[in-house]
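Below is one structure, written out as structure tokens, with a few remarks after it.
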Amino acid sequence: MSRRGESAPAAPVSAAAGPTRLTAVDGLRGLVMIVMALDHTREFLHVGAMHFAADDLARTTPLLFLTRWVTHLCAPVFLFTAGMGARLRLDRGGASAGQVSRYLWTRGVWLILVELTVMRLAMNFTFDLRYPVLLIILWALGWSMIALAALVYLPPRMVGTLGLAVIACHNLFDGVQAQQFGAMAWLWHVLHQPGAISLGGVTAVTGYPALPWVGVMAAGFWAAEVYRWEPARRRRTLQLTGAACIAGFIALRVLNDYGDPSPWSTQSTTVFTALSFFNTTKYPPSLAFLLMTLGPALLLLAELERLALSSRHPFVVFGRVPFAYYVVHFLALHVVASAIAFGRYGASSFSYLWHPLPSMGGARDLFPPDLGLPIGAVYLGWAILVVSLYPACLWLSRVKARRRDWWLGYL
């Protein structure tokens with residue numbers, strides 16, 4: 001982010017101003033919640049998801065690749081706006097650094113526990129230890145909040161500088177392998193390298209190593225500085241920073257050297273060569289991946305500032321209840337996928353419905369070879385899901401707006 005001007009000190013954000021200025025942030029978060037549901041609908045319903053990854057250039061199609069690619073925006077926005085939210089809690093007054101820190105680490109622990117229990121059941125319909133425990137987005141959010149709970153005592157600029165340094169430099173360690181640490185290999189899997197961790201007969205897979213995501217949340221904490229500025233300056237800074245991120249992404253990919261462990265390559269067609277260019281690494285998020293996603297996110301945030309969305313707008317509604325939306329939409333998709341399987345295969349589906357789907361790490365040979373629906377049905381199912389969730393999310397967002405019960409902050 002651009003540095004705050006010394007000649008025009010900004011007034012602190014007041015408690016009254018807080019909700020108005022948060023509307024654009026909520027709107028951005030809600031937009032990516034809607035986009036996120038597309039990817040999860042694909043994973044639960046699409047026939048191709050049961051056989052191969054959507055970004056496998058040897059098997060995918062341009063439409064399928066882009067269906068997956070557009071959802072890359074989601075995780076970086078979740079972490080970035082969570083960091084912004086922590087800073088805004090401080091700036092709006094009424095909460096000390098100690099209180100914000102306590103909220104962050106307790107909510108972080110809560111998210112990790114939900115990942116290990118509620119989300120495991122929602123994804124798998126079983127706690128069977130034959131299947132690995134997936135440590136994914138709530139795990140990353142939780143550990144990033146715990147880390148930020150320690151960092152909030154530092155000056156915001158220092159927090160942001162540390163975050164940007166992690167984002168920019170963590171790819172220097174791509175060549176470091178977990179096995180080099182011997183008995184401490186598990187720690188490197190937690191921090192930087194995806195992989196399996198075994199503990200007491202239980203296997204966990206760190207799909208979202210925490211270190212780069214901590215950097216994203218720390219950067220968001222500093223970026224909230226723009227909400228101390230007047231609107232025109234704020235929008236201009238968001239636009240310029242977003243454009244700079246996109247330019248940085250293009251420059252890194254053209255050089256094809258640093259910033260992503262998977263360089264792009266010439267493919268059989270121009271279209272697939274372009275897909276290779278944009279096929280950056282998410283696990284863990286590379287510098288190129290984060291520039292590719294946070295750049296457009298900042299441009300969107302600037303545009304949402306201009307639009308001044310109402311509290312009933314779907315973007316704002318979903319953005320104010322992201323945790324509840326996330327948990328419920330996962331469970332709903334699994335129920336729908338099971339109902340479709342029962343309707344198609346009858347009672348024989350009971351032999352595999354209580355196992356994770358192949359797209360969730362389940363055993364492929366347990367399931368019918370033609371399990372799943374075409375991509376058009378996935379898009380229809382996504383639209384139905386989002387529309388169906390709106391009334392309940394609107395109700396919950398209104399409850400959270402008018403009440404200040406402590407536990408509502410964890411939903």
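Index from 1, following the sequence.
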Side chain to side chain contact (heavy atoms under 4.5 Å, CB included) between Val316 and Ser310, intermediate numbers included:
CA-CA 7 Å; Val316 176; Ser310 75; over 6 Å; no

Is there a side chain to side chain contact (heavy atoms under 4.5 Å, CB included) between Phe65 and Phe272 once you walk through the steps?
CA-CA 10 Å; Phe65 179 93; Phe272 273 83; over 6 Å; no

From CA spacing to verdict: side chain to side chain contact (heavy atoms under 4.5 Å, CB included), Tyr390, Val386
CA-CA 6 Å; Tyr390 177 80; Val386 172; over 6 Å; no

Worked check of side chain to side chain contact (heavy atoms under 4.5 Å, CB included) between Tyr258 and Leu287:
CA-CA 9 Å; Tyr258 179 74; Leu287 172 59; 3.9 Å; yes

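Judged by distance alone, with hydrogens and angles left aside, the side-chain atoms of Trp143 form no donor-acceptor pair with the main-chain N or O of Val190 at under 3.5 Å. Side-chain atoms of Arg235 do not come within 3.5 Å of backbone N or O of Leu301 as any donor-acceptor pair. With hydrogens and angles disregarded, a donor-acceptor distance shorter than 3.5 Å links the side chain of Gln193 to the backbone of Ala178. One N or O on the side chain of Thr206 and one on the backbone of Gly195 form a donor-acceptor pair closer than 3.5 Å.
Dense packing is recorded around CG of Asp405, with more than 12 heavy atoms of other residues, nucleotides or ligands lying under 6.0 Å away. Around CG of Leu199, the count of heavy atoms belonging to other residues, nucleotides or ligands within 6.0 Å does not exceed 12.
What you find for Thr203 and Ala196 is that their closest heavy atoms are CG2-CB, 4.0 Å. Shortest non-hydrogen contact noted between Tyr131 and Gly362 is CE2-CA, 4.4 Å. In terms of heavy-atom proximity, Ser311 sits nearest to Arg320 at CB-NH1, 3.9 Å.
Residues that satisfy the ring-ring contact (aromatic ring centres under 6.0 Å, His included) test with Phe125, not counting sequence neighbours, are His334, Trp354. Residues meeting the side chain to side chain contact (heavy atoms under 4.5 Å, CB included) test with Ala302, sequence neighbours left out: Leu238, Gln239. Scanning for salt bridge (Lys or Arg N to Asp or Glu O under 4.0 Å) contacts around Arg398 gives an empty result, with sequence neighbours left out. Residues meeting the ring-ring contact (aromatic ring centres under 6.0 Å, His included) test with His46, sequence neighbours left out: none. Qualifying side chain to side chain contact (heavy atoms under 4.5 Å, CB included) partners for Pro209, counting only residues two or more places apart in sequence or in other chains: Pro194, Pro284. By the ring-ring contact (aromatic ring centres under 6.0 Å, His included) test, Phe350 pairs with Phe342, sequence neighbours left out. Every residue meeting the ring-ring contact (aromatic ring centres under 6.0 Å, His included) condition with Phe249, not counting sequence neighbours, appears here in chain and number order: Phe277, Phe278. Residues satisfying the salt bridge (Lys or Arg N to Asp or Glu O under 4.0 Å) criterion with Arg404, sequence neighbours excluded, are absent altogether.
Within the structure, side chain to side chain donor-acceptor pair (under 3.5 Å) contacts touching residues 132-142 (residues at least two apart or in different chains) do not occur. Applying the side chain to side chain donor-acceptor pair (under 3.5 Å) test to residues at least two apart or on different chains, the pairs with a partner in residues 62-75 are Asp39-Arg68, Thr67-Tyr379, Arg68-Tyr283. Counting only residues at least two apart or on different chains, the salt bridge (Lys or Arg N to Asp or Glu O under 4.0 Å) pairs with a member in residues 279-303 are Glu303-Arg306.
From Leu104, atom CG reaches atom CZ of Arg89 across 7.5 Å, with rounding to the nearest 0.5 Å.
Contact check on Arg120 versus Glu115 returns no salt bridge, with no Lys/Arg side-chain nitrogen under 4.0 Å from an Asp/Glu carboxylate oxygen.
When side chains are defined from C-beta on, Val159 does not count as touching Trp222, because their heavy atoms never get closer than 4.5 Å. The side-chain heavy atoms of Asp55 and Thr60, taken from C-beta on, include no pair separated by under 4.5 Å. A 4.5 Å side-chain heavy-atom check between Met184 and Trp188 finds every atom pair outside the cut-off. Side-chain contact between Asp26 and Phe315: absent, with no pair of heavy atoms (C-beta onward) separated by less than 4.5 Å. Put simply, the side chain of Arg403 reaches to within 4.5 Å of the side chain of Trp407, judged on heavy atoms. You'll find the side chain of Val327 reaches within 4.5 Å of the side chain of Met119, heavy atoms only. Contact check for Leu299 versus Ile246: side-chain heavy atoms found under the 4.5 Å cut-off. Within the 4.5 Å cutoff, the side chain of Asp260 has no heavy atoms near those of the Leu252 side chain.
Between Phe173 and His192, the ring planes are perpendicular. Angles over 60° get that label, and only those under 30° would be called parallel. Note on ring orientation: taking the six-membered ring where Trp is involved, the planes of Trp213 and Phe289 are perpendicular (angle over 60°, cut-offs 30° and 60°).
With Leu135 as the fixed residue, the side chain to side chain contact (heavy atoms under 4.5 Å, CB included) test singles out one of Ile112, Val205, Leu116: Leu116.
Between the side chains of Gln267 and Ser265, a donor-acceptor pair is found at a separation under 3.5 Å. Remark: the Arg364 side chain and the His51 side chain contain an N/O donor-acceptor pair separated by less than 3.5 Å. Side-chain contact check for Asn171 and Ser286: no donor-acceptor pair (N or O, by modelled atom type) lies under 3.5 Å. A side-chain donor-acceptor contact under 3.5 Å links Tyr345 and Asp370.
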Please table the atom pairs, donor to acceptor, closer than 3.5 Å between any side-chain atom in residues 144-154 and protein atoms at least two apart or in another chain.
unit_1: Ser144; atom_1: OG; unit_2: Ala140; atom_2: O; d: 2.8
unit_1: Ser144; atom_1: OG; unit_2: Val214; atom_2: N; d: 3.4

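The six-membered or imidazole ring of Tyr326 lies near that of His329, with a centre-to-centre distance under 6.0 Å.
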